[in-house]
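To find a chain, count down the sequence lines: A is the first, B the second, and so on, and within it residues start at 1.
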Amino acid sequence: MTIQRERIHERNRMPINPRGGYVLYWMQQSQRLHWNHALEYAVQKANELRLPVLVVFGLTAHYPEANLRHYTFLIEGLIDVAEDAPRRGVRFVVREGSPAEVCLNFAKDAALVVMDAGYLRIQRQWRERVAENSPCLCVEVEADAVVPVWFVSSREEYAAATLRPKIHRYLRQFLIPLEQVPVAICPTTRGDELSPPTTAQELRGLLTLLPVDRSVSPSPTAHGGTKRALMLFSEFVEKKLPVYHERRNDPAEDLGSGLSPYLHFGQISPLYVALEVARHNDSPGAAAFLEQLIVRRELSFNFVTHNPRYDSYDCLAHWARQTLALHAADPRPALYTLEDFELAQTHDPIWNTCQQELVAFGTMHNYMRMYWGKKIIEWSRSPEEAFAVALYLNNKYQLDGRDPNSFAGVAWCFGQHDRPWPERPIFGKVRYMNEAGLRRKFDVQRYINRITQALRNIGG
DNA sequence: ATCGGCTCGCGCAA
DNA sequence: TGCGCGAAGCCGAT
């Protein structure tokens, strides 16, 4: 068994239903059939019980802050799952509705319910509801973090520096491959009592029919799915990883992995990515990438898990709120409304370029995500308003909006997980960033040209 | 071009 | 209790 017991939590005290016709894997966060601990756990249990595996995904059209851009990426991923399900020997069914209700509906005829882990408020609420109302045993399996979130730390960490040693202490235990066991009983052989599998065509139809917020168009360049994620990843390892540690911050280049949206929707396994990077070489590029993928990503999981206010200004560390409050009345060099920001109508062509990249593609260069957030603080009436504006725009346009990384990333601009710096107007002791710093380190015009060209290529 | 100073809280060693 | 240290900072001095 390559699924460490620290990944597995029995969420209720119900017995296995002896009359259950299948083992139910309620897929929610980890939207993939490859390297998925929750799925493998379900397969192992099904083989022990001599039952088939039913994989069910509940699709709600009303996920908070999600719009057509996010739904398109998500459904592109579900199409990959639907197409691969027969090869994996499992039946995959998508139903429209609240995910917890969809799961409970199928739980009635299940021997046991297996679910993956998710740490946002709504994900925890869904899991709580399923665990409390499931008529049979309900097991949660961690498939989204390399080191299980609750195991590595049971409290809110102050910064990466405090989480890092804890993660590294347990890496040897958890950074190990996941064995994939074949399914013994394929549901197609005795599955008449089950719902028919959802087809790729049905999923495409669902995308046009779902009553989702259509105010933001799909990304013209980034498309979802495990297959695309794996292609993108192998290209990254080959071309970008060797120089990742020294050039990833240069916005004139595009040296990020681009995996964040795929990780957000669980379309690629962070464990698989980490093992591949660690295997390919032990170069400085690999070390720098693993720091991002494991330490920084899982710090954000720690943040949303242990800080109940992760999506509000009140989430910030005390020293940060105190120092920002002290400077709330400082005069601002410019003041913009949400609309000004959203329409990329500031005086700063660099900032406007960031915003245009975000709106058009659903991504922004990682370094510019910091600059972008810092400037919203500088040009808003209050830090509270700035926080709301930054999180709103981030979650509306970023393909990885509402990811734990998104919440931690916005909060970082306001001092969270960072340290104090010399006091100055508006920012107080929160780290300041400016255009001079960008120009000192990078060729800013090359960044603007790169984005302008990309916008032209899509006819924008 | 490079360097030190700035600043707070954590966690470890003592 | 003291001390080292930290996501990508800036700025002035050399």
Gap between atoms [atom1] and [atom2], on [X] and [N] respectively (whole Å):
{"X": "A/Arg431", "N": "C/dA8", "atom1": "CZ", "atom2": "C1'", "answer": "6 Å"}
{"X": "A/Gln292", "N": "C/dA8", "atom1": "CD", "atom2": "C1'", "answer": "9 Å"}
{"X": "A/Met364", "N": "C/dA8", "atom1": "CE", "atom2": "C1'", "answer": "16 Å"}
{"X": "A/Lys375", "N": "C/dA8", "atom1": "NZ", "atom2": "C1'", "answer": "15 Å"}
{"X": "A/Asn249", "N": "C/dA7", "atom1": "CG", "atom2": "C1'", "answer": "9 Å"}
{"X": "A/Arg248", "N": "C/dA7", "atom1": "CZ", "atom2": "C1'", "answer": "8 Å"}
{"X": "A/Leu163", "N": "C/dA7", "atom1": "CG", "atom2": "C1'", "answer": "14 Å"}
{"X": "A/Glu246", "N": "C/dA7", "atom1": "CD", "atom2": "P", "answer": "20 Å"}

Could I get a table of every N or O pair under 3.5 Å where one atom is in the protein and the other is in nucleotides 10-13 of chain C?
residue, atom, partner, partner atom, Å
C/dC10, OP1, A/Asn434, OD1, 3.3
C/dC10, OP2, A/Arg440, NH2, 2.6
C/dC10, OP2, A/Lys441, NZ, 3.3
C/dC11, OP2, A/Asn434, ND2, 3.2

Which part of the nucleic acid, if any, lies within contact of [X], taking any heavy atom under 4.0 Å across all strands shown: a base, the sugar-phosphate backbone alone, or nothing?
{"X": "A/Arg369", "result": "nothing"}
{"X": "A/Glu423", "result": "nothing"}
{"X": "A/Ala159", "result": "nothing"}

query: Relative to each other, are the rings of A/Trp379 and A/Phe341 parallel, tilted or perpendicular (30° and 60° limits)?
result: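 It falls in the parallel class, under 30°.
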query: Using 30° and 60° as the class limits, which term best fits the ring planes of A/Trp126 and A/Tyr63: parallel, tilted or perpendicular?
result: perpendicular
Please find out if less than 6.0 Å separates the ring center of [X] from that of [Y].
{"X": "A/Tyr41", "Y": "A/Tyr25", "answer": "no"}
{"X": "A/Trp150", "Y": "A/His306", "answer": "yes"}
{"X": "A/Phe442", "Y": "A/Tyr447", "answer": "no"}
{"X": "A/Phe303", "Y": "A/Phe407", "answer": "no"}
{"X": "A/Phe361", "Y": "A/Tyr397", "answer": "no"}
{"X": "A/Tyr272", "Y": "A/His34", "answer": "yes"}

With rounding to the closest Å, how many angstrom separate the [atom1] atoms on [N] and [M]?
{"N": "B/dA1", "M": "C/dA8", "atom1": "P", "value": "22 Å"}
{"N": "C/dC5", "M": "B/dA14", "atom1": "P", "value": "14 Å"}
{"N": "C/dC10", "M": "B/dG9", "atom1": "P", "value": "23 Å"}
{"N": "B/dT2", "M": "C/dA7", "atom1": "P", "value": "23 Å"}

statement: For DNA chain B, consecutive-pair runs of 3 or more (Watson-Crick or G-U wobble, both H-bond-type distances under 3.5 Å) give B:1-6 with C:9-14, B:8-13 with C:1-6
message: Testing A/Arg247, A/Lys239, A/Arg248 one by one against A/Glu253 for a salt bridge (Lys or Arg N to Asp or Glu O under 4.0 Å), which residue passes?
response: A/Arg247
message: One character per nucleotide, please: for nucleotides 8-13 of chain B, 5' to 3', B when the base has a protein heavy atom closer than 4.0 Å, S when only the sugar-phosphate does, - otherwise.
response: BSSS--
field: Donor-acceptor contact present, side-chain A/Arg121 to main-chain A/Pro308, <3.5 Å
entry: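 Yes.
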task: Using modelled atom types only, decide if a donor and an acceptor are shared between the side chain of A/Thr226 and the backbone of A/Arg32 within a distance under 3.5 Å.
output: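 Judged by distance alone, no pair lies under 3.5 Å.
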field: A/Arg419 NZ/CZ over A/Trp319 ring centroid, <6.0 Å and within 45° of normal
entry: no
task: Indicate, yes or no, whether a donor-acceptor pair under 3.5 Å links the base of C/dA7 to the side chain of A/Asp418.
output: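 Result: no qualifying N/O pair found.
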